[in-house]
Amino acid sequence: DDESQIDLPDNSGRTMLEQAAIMGNADVVATLIRLGADVHRENREGKRLVQWAIESAKPSVVNAFVTSTLDVGATDELGWTLLRHAVEGERPEVLKTILSVNGGSGVADADGFTPLMRASVIGKQELLVLLLGAGSQPNAVDKYGMSALMHASKAGHIQSLELLLGEGADIHATSHDVGQTALMYA
């Protein structure tokens with residue numbers, strides 16, 4: 001039966017879906033997914049194919065994955081969501097693709113960090129602008145009570161601080177663990 005054959009690997013260990021993703025052929029990826037290819041299957045390096053597509057900055061292939069039944073809020077073995085992979089890899093085009101299809105900009109990963117908090121640590125303005133534009137809440141807090149503003153302050157990203165304050169981040173909020181404000185983290 002065709003459905004059981006669709007995920008069979010070739011001699012190099014790659015499935016048709018992996019080959020199509022590597023080649024950047026989003027139409028074939030979408031077709032294979034529609035025909036039942038396993039979108040959660042891991043490649044030889046232990047990564048889900050969509051993670052690989054994010055890291056390789058292939059927005060059209062990522063789009064084919066995220067428009068399928070793939071859960072963008074699901075976490076991998078590291079506890080990372082797809083959004084976190086896009087932020088960590090500093091892939092604004094991929095982030096834009098995921099946000100446009102599935103939103104979910106405020107989904108916290110296993111560490112309790114939202115994508116906005118991770119972008120604040122990295123300090124890349126384009127990521128922050130995309131996430132804030134998608135509705136990320138600047139006053140959301142992680143498991144320690146730290147907001148994106150506190151993370152940006154601790155990392156020393158002045159432009160991020162200015163951007164977050166302009167979006168309504170609370171400069172007087174205190175973290176749960178040590179009771180410090182963003183200014184105290186600077």
Side-chain angles (χ1 to χ4, degrees), residues 39 47-48 50-186:
V39 295
K47 292 182 181 178
R48 290 184 298 162
V50 67
Q51 286 173 257
W52 176 87
I54 289 169
E55 291 169 8
S56 301
K58 296 188 181 280
S60 62
V61 174
V62 171
N63 186 56
F65 278 106
V66 298
T67 55
S68 72
T69 58
L70 193 62
D71 177 8
V72 232
T75 57
D76 64 11
E77 68 284 350
L78 298 173
W80 291 14
T81 62
L82 296 181
L83 287 169
R84 177 154 178 190
H85 279 284
V87 169
E88 291 286 343
E90 298 183 28
R91 306 280 193 229
E93 289 304 315
V94 172
L95 179 62
K96 193 182 306 181
T97 297
I98 296 171
L99 291 170
S100 71
V101 174
N102 282 303
S105 64
V107 176
D109 62 21
D111 296 327
F113 291 146
T114 63
L116 184 65
M117 290 173 197
R118 296 306 305 163
S120 296
V121 170
I122 293 168
K124 188 161 185 175
Q125 300 306 296
E126 187 175 4
L127 300 174
L128 288 166
V129 168
L130 286 170
L131 290 163
L132 288 164
S136 288
Q137 298 301 310
N139 291 313
V141 295
D142 63 18
K143 63 184 177 183
Y144 302 106
M146 289 183 64
S147 66
L149 187 68
M150 292 174 195
H151 285 290
S153 179
K154 196 171 182 180
H157 297 300
I158 304 301
Q159 289 180 322
S160 299
L161 291 169
E162 292 171 347
L163 182 60
L164 291 164
L165 287 168
E167 292 293 323
D170 184 359
I171 197 163
H172 302 292
T174 57
S175 62
H176 301 316
D177 59 347
V178 292
Q180 292 186 323
T181 66
L183 291 174
M184 293 173 173
Y185 281 110

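Residue numbers start at 1 and run along the sequence shown.
Taking each heavy atom of Pro92 and Leu130 in turn, the nearest pair found is O-CD1, 3.5 Å. Across all their heavy atoms, Ala86 and Ile98 have their closest contact at CB-CD1, 4.3 Å. Thr181 and Ile171 make their closest contact through CB-O, 3.8 Å (heavy atoms, listed as atom of the first residue, atom of the second, distance). Nearest heavy-atom pair, Ser120 versus Ala155, reported as atom, atom and distance to 0.1 Å: O-CB, 4.4 Å. Taking both residues in full, the closest heavy atoms of Met146 and Met117 are given as O-CE, 3.7 Å, listed atom of the first, atom of the second, then distance.
We find the CD-CG distance between Glu167 and Leu132 to be 5.0 Å, quoted to the nearest 0.5 Å. Distance CG/Leu127 to CG/Leu83: 11.0 Å, rounded to 0.5 Å. Atoms CD and CG, on Glu90 and Leu95 in that order, are 11.5 Å from each other to the nearest 0.5 Å. Once rounded to the nearest 0.5 Å, the distance linking CE of Met184 with CE of Met150 reads 10.0 Å.
Under the 4.5 Å side-chain criterion, counting only non-hydrogen atoms from C-beta, Val129 is in contact with Leu163.
With sequence neighbours left out, Glu88 forms a salt bridge (Lys or Arg N to Asp or Glu O under 4.0 Å) with Arg84, Arg118. Contacts of Ser153 classified as side chain to side chain donor-acceptor pair (under 3.5 Å), with partners at least two apart in sequence or in another chain: none. Take Glu93 and apply the salt bridge (Lys or Arg N to Asp or Glu O under 4.0 Å) test, not counting sequence neighbours, and it matches Lys96.
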Quiz prompt | side-chain contact (heavy atoms from CB on, under 4.5 Å) between Val62 and Leu82, intermediate numbers included | solution = CA-CA 10 Å; Val62 171; Leu82 296 181; over 6 Å; no
Practice problem: Please lay out, stage by stage, how Asp170 and Leu149 fare under the test side-chain contact (heavy atoms from CB on, under 4.5 Å). | Solution: CA-CA 8 Å; Asp170 184 359; Leu149 187 68; over 6 Å; no
Self-check item: Steps toward side-chain contact (heavy atoms from CB on, under 4.5 Å) verdict (Leu99, Leu131)
Solution: CA-CA 8 Å; Leu99 291 170; Leu131 290 163; 4.1 Å; yes
Practice problem: Take Leu128 and Leu116, measure what side-chain contact (heavy atoms from CB on, under 4.5 Å) needs, and give me the verdict at the end. | Solution: CA-CA 6 Å; Leu128 288 166; Leu116 184 65; 3.4 Å; yes
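No more than 12 heavy atoms of other residues, nucleotides or ligands lie within 6.0 Å of CD in Gln159, so this atom counts as exposed by the packing criterion.
Identified under the side chain to side chain donor-acceptor pair (under 3.5 Å) test for residues 122-135, with sequence neighbours left out: Gln125-Ser160. Counting only residues at least two apart or in different chains, ring pair (Phe, Tyr, Trp, His ring centres under 6.0 Å) contacts with residues 162-186 are absent. Residue pairs meeting the ring pair (Phe, Tyr, Trp, His ring centres under 6.0 Å) criterion with at least one member in residues 106-140, sequence neighbours excluded: Phe113-His151.
Judged by distance alone, the side chain of Asn139 and the main-chain N or O of Gly168 form a donor-acceptor pair under 3.5 Å.
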